[in-house]
Amino acid sequence: MSSSLKELFSEELKSANDVESINILRVKYLGRKGLITESLKSLASLSLNERPKAGKALNELKVFIEETLRDKELLFSQKVLESRLSRESLDITVCGKYIASGKTHPINQVLSEIIDIFEVMGFEVEEGPEVETDYYNFEALNIPKDHPARDMQDTFYISDDIVLRTQTSPVQIRTMEKNRPPLRFISPGKVYRCDSDVSHTPMFHQVEGLMVDTNINFGHLKGVIETFLKEFFGQKVGIRFRPSFFPFTEPSVEVDISCIICESKGCRICKETGWLEVLGAGMVHPKVFENVSYDSTIYTGFAFGMGVERLTMLKYSINDIRLFFENDLRFLRQF
Amino acid sequence: MKISVNWLKDYANFNTPIDDLVQRLTMCGLEVEAVENVNDDTIIDINVTPNRQDCLSHLGIAREISVLYDCQFKYPEHDFIAENTELDFNVDIINTQLCHRYAGRIVKGVKIAPSPKWMQERLMNCGIRAINNVVDITNYVLLEFGHPLHAFDLNKLKGKKILVATAGEVTKTLEPLKIRLLDNSERILQDQMLLINDADSPIALAGIMGGSTSEVTEETRDIFIESAWFLPQSIRNTSRILGIKTESSYRFERGADIKILKKALDRAAYLMKELCGCTIHGKIDIYPKRFKQQKIKLSFDKINRYIGMEIPKKEVLRILSALTFEIECSEDELTVKVPSSRCDVTRDVDVIEEVLRIYGYDKVPSLLPVAPIKIHSQDSEAKKVTYKIIKKCRELLLNEGFNEAINYSFLGPQDFDLFNINNEDIQRNTINILNPLNSEDSMMRTMLIPSLIRNLVYNISRGNKDIRIFEIARTFLKTEDKQLPIEERHISILLCQDKEKYLYKDNVEDFYILKGVIEKLLKNIGIDEIHFERSKEFFLHQGRSADLFIKTHENNKFMKIGYFGVLSPQVIQKLSVKILKQEVLAAELLLDKIINNLMFKKITFLPIAQFPFIERDSAVVVDDTLELSKIVNLLNSCKDSISNLIEEVAIFDIYKGKGIEDGKKSVAFNIRYRSTDKTLSDEEVDTIHKKVLSEVLPKIEGKIRS
């Protein structure tokens with residue numbers, strides 16, 4: 001009986017080719033009224049001798065059919081899934097939907113790089129007005145009205161007494177007026193000079209710094225500036241300090257770095273000298289301290305200032321300062 | 001200043017390779033900017049800082065070299081025997097405030113001719129044109145001593161006298177005084193200007209330029225050579241007002257050496273005698289204000305503390321005396337007497353600089369200062385918050401695809417005209433620059449959009465598409481009661497996109513894209529409540545723009561903090577580039593005002609709802625002109641008026657077109673109901689939802705969409 005059933009099942013299985021027909025077969029053989037179930041019921045009509053053998057064969061057949069159907073079903077459902085997945089397949093090389101991120105202006109990128117370096121050294125950030133009084137921009141910084149040092153900067157005037165600040169140094173005066181030493185801060189911001197060509201724009205950015213305390217000396221000035229320049233340009237950069245003149249510092253310093261364009265071999269950028277001027281500095285002039293009522297016999301300090309455009313141009317080999325303010329997207333997107 | 005190395009060797013006994021000389025000069029504060037070989041000479045161009053007038057001469061530079069190389073220094077030949085004649089000539093200084101010393105020599109029997117070739121060459125190499133022997137000699141001495149001289153044709157001076165006085169002191173009429181100068185320009189003089197006069201009229205602008213009436217010409221035979229000292233401020237003032245800068249004014253305004261002027265004068269007379277075959281007569285030297293020598297006291301300890309290292313006393317003394325400072329010195333202290341050539345040295349720190357710049361900045365060891373830890377003040381906390389918010393705004397805009405621009409802080413009247421901004425508008429309260437580079441950039445910005453529009457035009461005219469830019473910068477608003485303008489940060493955003501070129505197209509109005517960016521930006525920095533009204537700005541499209549309001553700190557009332565929208569077609573039309581298809585959108589947000597009105601809420605955790613929610617969707621048909629906010633506000637107000645079980649209201653569809661009659665739109669919304677203390681039943685929710693609809697529908701004249 002079971003052998004004929006098995007033959008029948010094998011025969012019918014051949015024509016089953018999807019999950020649906022497998023389910024039909026399952027019902028036909030294993031269902032409540034299925035062929036196997038019915039056969040098991042009919043065992044009762046057999047003799048006691050025949051029963052165990054026939055029963056065992058039927059049970060084996062049942063397990064066989066169950067397993068066969070399960071395997072087949074798995075096979076078919078896998079095929080179904082596969083065909084669905086391949087139907088739903090996408091071209092993964094088409095680019096995703098997003099808006100390309102914009103870029104921070106290179107000047108602001110470099111500005112925050114500079115600020116980060118000084119913040120690590122404990123410098124705070126101070127700001128002040130861009131439209132300034134003549135007093136804060138010049139007089140308080142030891143640059144009287146008829147001093148030739150005023151020739152060093154071409155000034156935009158709003159009135160006789162009001163100017164567009166030519167440097168961020170007035171922030172130093174305003175901050176010193178409001179606070180007592182010790183002081184350690186930088187003042188980043190826009191400054192203005194009445195000038196326009198390949199290397200000058202009427203507006204540009206400066207970062208100035210000031211440190212005041214008892215016993216600050218020239219060696220400290222060198223140490224802090226060297227630390228900054230090495231962080232910014234890399235540890236290997238050559239640095240030299242040479243005497244210069246600013247009315248608000250004494251002694252005054254001009255700081256050069258070894259030319260990073262030609263590696264000091266001499267090029268157009270460093271005017272064949274191998275050195276690039278990047279920063280001005282000096283010990284704060286006692287007159288400046290007196291102007292903010294600090295006792296210049298007790299306090300000493302150093303100040304420094306640098307042009308952000310200059311540093312950015314060196315960093316990215318940009319040859320025309322005006323590019324920064326044309327805001328051509330092909331320029332802005334490069335940084 | 002151009003310096004001839006061969007010429008230097010007349011005075012300083014050095015013989016070093018040029019490279020070394022250039023290096024040493026640069027490292028002592030005389031920066032060599034260029035080196036040029038001319039014939040058998042080398043010309044070095046030195047950038048002399050404004051404090052070092054003593055180095056605007058070959059003798060000055062030679063002096064520095066003698067200190068650097070510790071070598072001998074000598075003055076050039078200037079001794080002669082003058083004729084012993086009675087002088088029939090008078091000099092009178094009326095204004096001794098402005099002229100501290102006036103010396104002169106008379107030379108007679110000059111033969112005007114070209115100067116010798118060696119002199120012409122030296123002058124030319126240093127950038128001065130040769131004219132004739134007399135003028136060349138005054139220029140030669142100028143480059144040699146750094147002291148400006150002037151040669152007058154003696155016989156053209158009226159009344160055999162010279163008066164040094166201001167225009168105000170010599171003028172006799174109400175008419176302003178005039179002078180014709182050597183450059184043949186006629187100048188009107190102001191009362192405070194110092195002049196050299198003869199008995200009749202001005203013959204020179206003191207220290208700046210001679211007059212043409214007493215000019216040395218071919219016919220000149222007798223000469224008066226002037227060597228004087230004028231107050232720097234006065235020279236600078238006159239030079240600036242008249243716009244005349246000369247080699248002479250350049251040196252006088254930096255403070256000439258009052259003692260050297262006699263040597264320079266004699267040197268010129270000596271050269272004239274040697275080279276022009278003349279005789280030298282008499283000497284004039286009026287010196288009413290004697291030079292007061294500065295004495296500066298300082299201690300060796302101060303020097304070392306200021307520098308941060310110990311410089312040997314012996315070296316300090318060697319440097320200072322080689323620089324011609326006179327020194328008195330005890331064990332710990334020294335008193336320095338400053339020579340007349342170094343009036344820039346007035347304080348102890350100036351002396352320290354002199355020592356250090358010769359000793360060498362490079363010899364000072366670099367140190368890192370030890371400084372106390374600083375506890376942040378409240379003031380600096382507020383600043384930190386501001387920086388954080390600016391950073392957040394910048395990052396959000398970058399993520400939305402906007403590139404950061406930086407523009408000059410200027411705009412001009414043409415920008416206001418372009419934007420139809422009338423005279424009453426507050427944005428016209430500009431402060432103006434007296435000396436702008438051009439009129440388009442003659443005002444300080446009160447708003448940023450005009451700059452971004454310039455960027456737009458620039459980019460489009462160069463073929464760039466998809467313009468998304470923003471700028472964060474200060475604006476400057478004039479106020480009547482304050483000396484300085486109000487400076488406030490704004491954010492401006494500009495959007496002009498070419499959507500047809502996008503791979504993934506959607507039909508969202510650009511207005512909503514920009515509005516979305518602004519809403520996200522404001523929510524991101526903590527502003528929950530934003531109120532929008534149709535904008536009143538003339539340059540914006542009236543149907544596609546809005547003014548923005550947020551609540552103020554002070555009285556919780558709404559305050560305008562910006563505007564945004566599509567630029568009016570009238571403005572677009574006036575631009576110098578054609579923008580046909582795309583809309584141009586711009587926003588201006590008053591960032592500082594926003595930051596000042598931020599309310600910092602303390603975040604307190606709310607328990608997460610435990611019971612499930614039930615949602616109901618409805619669609620209503622209303623007039624197309626009905627503003628959506630009205631529906632939303634009404635639905636939200638039901639939370640209070642009908643049931644606190646309403647958790648959230650959301651619009652999810654707005655539809656016009658097929659199935660909806662003209663002039664109407666269908667608005668679909670979803671309400672989520674939830675109780676905090678039980679599971680709601682469908683029946684309960686249905687009852688509430690019905691109430692909500694019957695409350696809202698009549699107020700919006702809406703019907704449930706069937």
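Values reported hereafter were calculated over all heavy atoms of this structure, with side chains retained and with hydrogens, waters and symmetry mates removed. Residue numbering restarts at 1 for every chain, and letters A, B, ... go by the order of the sequence lines.
The contact between B/F410 and chain A is made entirely by side chain atoms (from C-beta outward), counting heavy-atom distances below 4.5 Å. For chain A, the nearby part of B/F476 is the side chain; its heavy atoms alone come within less than 4.5 Å. Looking at B/R454, neither its backbone nor its side chain comes within 4.5 Å of chain A, counting heavy atoms on both sides. Heavy atoms closer than 4.5 Å to chain A are found in both the backbone and the side chain of B/M27. With a 4.5 Å cut-off on non-hydrogen atoms, A/R240 touches chain B through its side chain but not through its backbone. Heavy atoms of B/R394 lying under 4.5 Å from chain A belong exclusively to its side chain. Heavy atoms closer than 4.5 Å to chain A are found in the side chain of B/Y458, but not in its backbone. At a 4.5 Å heavy-atom cutoff, B/A34 makes no contact with chain A through either its backbone or its side chain. Interface remark: B/Q23 contributes side-chain atoms only to the contact with chain A (heavy atom separation under 4.5 Å). Contact of B/I433 with chain A is made through backbone and side chain together, with heavy-atom distances under 4.5 Å. Only the side chain of B/L503 comes within less than 4.5 Å of a heavy atom in chain A; its backbone stays farther off. The part of B/N432 that comes within reach of chain A is its backbone (N, CA, C, O), which places non-hydrogen atoms under 4.5 angstrom from that chain. Residue contact with chain A, scored on non-hydrogen atoms closer than 4.5 Å, is absent for B/K478. Of the atoms belonging to B/E487, it is side-chain heavy atoms, and not backbone ones, that fall under 4.5 Å from chain A. Only the side chain of B/R347 comes within contact range of chain A, judged by heavy atoms closer than 4.5 Å.
A salt bridge is absent between A/R165 and A/E132; no separation between the charged side-chain nitrogens and carboxylate oxygens falls under 4.0 Å. By the 4.0 Å N-to-carboxylate-O rule, B/K245 lies too far from B/E253 to be salt-bridged with it. Taking a cutoff of 4.0 Å between a charged side-chain nitrogen and a carboxylate oxygen, B/R357 and B/E64 qualify as a salt bridge. Electrostatic pairing of B/R462 and A/E326 does not count as a salt bridge here, judged by no charged N lying under 4.0 Å from a carboxylate O.
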(message) Run A/F218 and B/Y361 through ring-ring contact (aromatic ring centres under 6.0 Å, His included) and show every step you take.
(response) CA-CA 9 Å; A/F218 191 82; B/Y361 281 13; 4.8 Å; yes
(request) Could you walk me through whether A/E126 and A/K178 pass salt bridge (charged side-chain N to carboxylate O under 4.0 Å, His left out), step by step? (result) CA-CA 12 Å; A/E126 296 287 344; A/K178 266 189 274 170; 5.5 Å; no
(request) Could you check B/S299 against B/D301 for side chain to side chain donor-acceptor pair (under 3.5 Å), going step by step and ending with a plain yes or no? (result) CA-CA 5 Å; B/S299 65; B/D301 179 52; 4.9 Å; no
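Counting heavy-atom pairs under 4.5 Å between each of A/I239, A/I107, A/L221, A/T133 and chain B puts A/T133 at the top. Ranking A/V163, A/D161, A/D256, A/V125 against chain B, the residue ahead of the rest is A/V125, based on heavy-atom pairs under 4.5 Å. Ranking A/R184, A/K271, A/R330 against chain B, the residue ahead of the rest is A/R330, based on heavy-atom pairs under 4.5 Å. Ranked by non-hydrogen atom pairs under 4.5 Å with chain B, the options A/E254, A/E226, A/K190, A/E130 are led by A/E130. Contact tally against chain B (heavy-atom pairs below 4.5 Å) for A/C95, A/S244, A/P202, A/S112: the top residue is A/P202. With chain B as the partner, the residue from A/M211, A/E272, A/M283 showing the most heavy-atom pairs under 4.5 Å is A/M283.
Aromatic ring centres of A/F123 and A/F118: separated by under 6.0 Å.
B/G255 and B/Q53 get closest at one heavy-atom pair: O-CG, 2.7 Å.
For B/Y504, the OH atom sits in a packed shell: over 12 heavy atoms of surrounding residues, nucleotides or ligands are nearer than 6.0 Å.
Partner B/E404 forms a side-chain hydrogen bond (donor to acceptor under 3.5 Å, both in side chains) with one of A/N108, A/T104, A/N327 and no other, that one being A/N108.
Proximity of B/L368 to A/V224: side-chain heavy atoms (C-beta onward) are separated by under 4.5 Å at one or more points.
Geometrically, B/R254 engages B/Y250 in a cation-pi contact, judged by NZ or CZ lying under 6.0 Å from the ring centre and within 45° of the ring axis.
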